[in-house]
Number of protein chains: 2
Amino acid sequence: MKYILQDLKVNINNNIYLKDPESSTLGKKIVEFSILLIDEIGFDSFTFKKLGVKIGSNESSIYRYFENKHKLLLYLTSWYWGWLEYQLVFTTNSISDAKEKLTKAIEIITRTTKEDSSFSHINEILLNKIVINEYSKSYLTKEVDSENKDGYFSIYKRLVNRIKDMIKEVDGDYKYPTSLASTVTEGALHQHFLKDHFSSLTDCDEKITPTTYFINLVFNSLNNQKND
Amino acid sequence: MKYILQDLKVNINNNIYLKDPESSTLGKKIVEFSILLIDEIGFDSFTFKKLGVKIGSNESSIYRYFENKHKLLLYLTSWYWGWLEYQLVFTTNSISDAKEKLTKAIEIITRTTKEDSSFSHINEILLNKIVINEYSKSYLTKEVDSENKDGYFSIYKRLVNRIKDMIKEVDGDYKYPTSLASTVTEGALHQHFLKDHFSSLTDCDEKITPTTYFINLVFNSLNNQKND
DNA sequence: TAAGTATTAATAGTAATACTATTATTTTTG
DNA sequence: CAAAAATAATAGTATTACTATTAATACTTA
């Protein structure tokens with residue numbers, strides 16, 4: 001797995017960036033250190049000026065890669081969802097049993113990222129934390145509709161769709177497969193956040209993981225006579 | 001109901017504001033027009049300067065009520081959750097049947113606000129939209145923990161707790177009542193957002209409401225032998 | 001290898017944001 | 001009516017979020 005993901009190049013909508021950050025050393029440094037800096041000070045306080053200082057580059061050089069920090073966030077989160085999607089497809093591909101397949105899928109999208117593929121410049125553990133803390137900000141904007149039209153969220157949408165399809169495979173009669181898929185995907189981020197900051201609003205802790213909770217939630221709804 | 005809510009004064013943690021906006025005409029204008037302006041241009045573009053122009057007051061006068069726009073958002077959303085809580089308690093109080101009570105509660109927290117109590121200066125329809133679009137931004141910050149400690153989110157937490165209690169009343173053996181309560185509360189906002197901006201990620205539309213979906217979701221999990 | 005072309009860095013500058021401080025004016029209230 | 005409180009006006013600051021221009025460096029190919 002590690003060795004296959006090694007050469008992974010996530011395909012990101014090329015309108016998100018001005019110049020492909022994968023195409024140069026500076027570009028990779030921008031991506032690498034923006035993850036460290038956003039994790040450190042939060043997206044709201046993050047600026048290209050501060051990033052420039054961190055990487056010993058000029059602010060204006062960063063602007064040649066990304067129009068603004070919002071686009072950079074879209075880039076990072078798209079990369080994350082693409083990376084998760086890859087794991088999802090790779091891991092579940094060979095599973096023929098629908099229930100087992102869905103279980104595995106939920107595991108992947110609800111777990112905490114614990115391993116960082118040290119060879120690449122992207123720290124997946126920190127990126128996972130950034131997605132938990134900042135992803136909502138990428139779409140809770142006045143520009144969502146036009147950015148959505150431009151395909152900036154397509155990787156995320158494709159991922160949710162894959163889960164929806166797996167839900168349908170388990171129970172073709174269930175009425176809300178799409179909402180359930182989006183609830184799990186977004187809800188997982190939320191439960192992780194609550195676990196870290198509002199422990200009184202979640203049952204998740206060291207023992208009970210969001211994975212346990214969501215597997216239970218999903219399978220309670222599927223093939224349930226209450227539904228028919 | 002209308003007439004009882006009329007005199008409602010939501011009790012908001014007084015560290016959120018510098019001076020109680022309910023205590024003066026200017027304060028009420030700040031609240032009233034900030035709702036209109038945030039709805040219009042979004043919280044990210046909203047500034048005290050723009051609000052000042054809108055209400056014909058000086059920027060610096062607004063700063064005497066709220067430290068910054070983040071605190072104002074905390075105020076508005078706290079008001080909203082307090083208002084919802086009031087409706088929840090008022091409506092479910094007299095219901096003795098646990099299932100019926102929970103059903104009603106889910107209805108209240110997942111429905112779209114459609115009526116505005118025209119007597120007050122607060123437009124609840126727009127405030128509901130603001131909560132859908134901006135609430136996450138109030139807690140996805142580096143300051144969450146200290147602000148949480150200061151009680152800035154206590155109304156929201158109390159609301160989620162009430163739902164948790166109702167879930168427990170229906171099924172004392174269900175293992176994740178708190179997570180389920182927070183999933184419904186936050187998930188409802190999310191499904192409304194998806195309905196408006198990412199229709200491919202939800203089954204909710206004009207016919208199927210988030211209420212329908214979440215009532216189904218919750219009751220599939222409760223008193224379900226799959227759980228035991 | 002020289003010349004041309006990208007790329008990046010450095011510098012400077014702008015409009016807007018997010019405030020703070022001071023003083024003047026108006027309103028409230030005792 | 002006088003004092004106190006509230007509000008408005010003005011000015012100012014540091015930072016943000018950029019844009020534009022020019023200089024320096026590296027890379028490429030005739």
Side-chain angles (χ1 to χ4, degrees), chain A residues 14-34 37-38 40-76 121 134 137-138 140-143 147 152, chain B residues 14-34 37-38 40-76 121 134 137-138 140-143 146-147:
Chain A
N14 57 20
N15 292 312
I16 289 182
Y17 49 77
L18 296 169
K19 179 180 167 163
D20 185 359
E22 286 300 309
S23 71
S24 75
T25 313
L26 179 62
K28 284 179 201 152
K29 265 182 107 176
I30 289 171
V31 170
E32 176 175 4
F33 288 91
S34 65
L37 190 54
I38 292 172
E40 190 185 330
I41 63 174
F43 184 68
D44 298 332
S45 302
F46 172 89
T47 68
F48 280 179
K49 184 155 220 161
K50 290 175 186 168
L51 179 59
V53 171
K54 192 124 186 161
I55 63 179
S57 263
N58 202 276
E59 194 189 3
S60 55
S61 303
I62 302 166
Y63 276 106
R64 313 189 108 253
Y65 287 84
F66 295 100
E67 243 177 285
N68 48 48
K69 69 174 185 171
H70 173 244
K71 289 283 179 81
L72 172 59
L73 181 61
L74 285 173
Y75 181 88
L76 295 177
H121 56 292
E134 322 284 3
K137 297 174 191 168
S138 76
L140 295 178
T141 67
K142 280 280 166 184
E143 297 79 34
E147 292 189 346
Y152 292 3
Chain B
N14 57 20
N15 292 312
I16 289 183
Y17 48 78
L18 297 169
K19 178 180 168 163
D20 185 0
E22 286 301 308
S23 71
S24 76
T25 313
L26 180 62
K28 284 179 201 151
K29 267 182 105 175
I30 289 172
V31 170
E32 176 174 5
F33 287 91
S34 66
L37 190 54
I38 292 173
E40 188 185 332
I41 64 175
F43 184 68
D44 299 333
S45 302
F46 172 88
T47 68
F48 281 179
K49 185 155 218 161
K50 289 175 187 169
L51 178 60
V53 171
K54 193 124 185 160
I55 63 179
S57 264
N58 203 276
E59 196 189 2
S60 55
S61 304
I62 302 167
Y63 276 107
R64 313 187 109 252
Y65 286 84
F66 295 101
E67 242 178 285
N68 49 48
K69 69 175 188 171
H70 173 244
K71 289 283 180 80
L72 172 59
L73 181 62
L74 285 172
Y75 181 89
L76 295 177
H121 55 290
E134 323 284 2
K137 296 174 191 168
S138 76
L140 294 178
T141 67
K142 280 279 167 185
E143 297 79 33
S146 82
E147 293 189 345

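In this text, all values refer to a predicted model and were calculated from it rather than measured experimentally. Chain letters run A, B, ... following the sequence lines, proteins first and then strands; every chain starts at 1.
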Check your understanding: Between C:dC19, D:dA9, C:dT11, which one does the side chain of B:Asn58 approach most closely?
Key -> D:dA9

Check your understanding: B:Lys19 near the nucleic acid: base, sugar-phosphate alone, or nothing, with a heavy-atom cut-off under 4.0 Å?
Key -> sugar-phosphate

Point to revise | Phosphate OP1/OP2 of D:dT15: any A:Thr47 side-chain N/O under 4.0 Å | key: no

Study note, to complete from the structure: 5'-most contact on DNA chain C (nearest-nucleotide basis), B:Tyr63 vs A:Gly27, goes to A:Gly27

Revision key, fill the gap. Of A:Tyr65, A:Phe33, A:Tyr63, the one forming a ring-ring contact (aromatic ring centres under 6.0 Å, His included) with A:Phe48 is A:Tyr63

**Study point:** Spacing between A:Leu26 atom CG and D:dC27 atom C1', to the nearest angstrom
**Key:** 16 Å

Check your understanding: Starting at CD of B:Glu22 and ending at C1' of D:dA6, how long is that distance when rounded to a whole Å?
Key -> 17 Å

Check your understanding: At under 4.0 Å between heavy atoms, what does A:Lys50 touch on the DNA or RNA strands: base, sugar-phosphate, or nothing?
Key -> sugar-phosphate

Review point. Choosing from C:dT8, D:dT16, C:dT17, which nucleotide comes nearest the side chain of A:Ser61?
Key: C:dT8

Exercise for review: Figure out the CD/C1' separation between B:Glu59 and C:dA16, and round it to whole Å.
Suggested key: 11 Å

Revision key, fill the gap. Here the residues of residues 64-76 of chain A within 4.0 Å heavy-atom distance, strictly under, of DNA chain C are A:Arg64, A:Tyr65

Check your understanding: Taking OP1 and OP2 of C:dA10, is either one under 4.0 Å from a side-chain nitrogen or oxygen of A:Ser60?
Key -> no

Exercise for review: Measure from NZ or CZ of B:Lys69 to the centre of the six-membered ring of B:Phe43 and say whether it is under 6.0 Å with the direction within 45° of the ring axis.
Suggested key: yes

Practice item. Please tell me if the side chains of B:Phe66 and B:Ser34 come closer than 4.5 Å, counting only heavy atoms from C-beta onward. Key: no

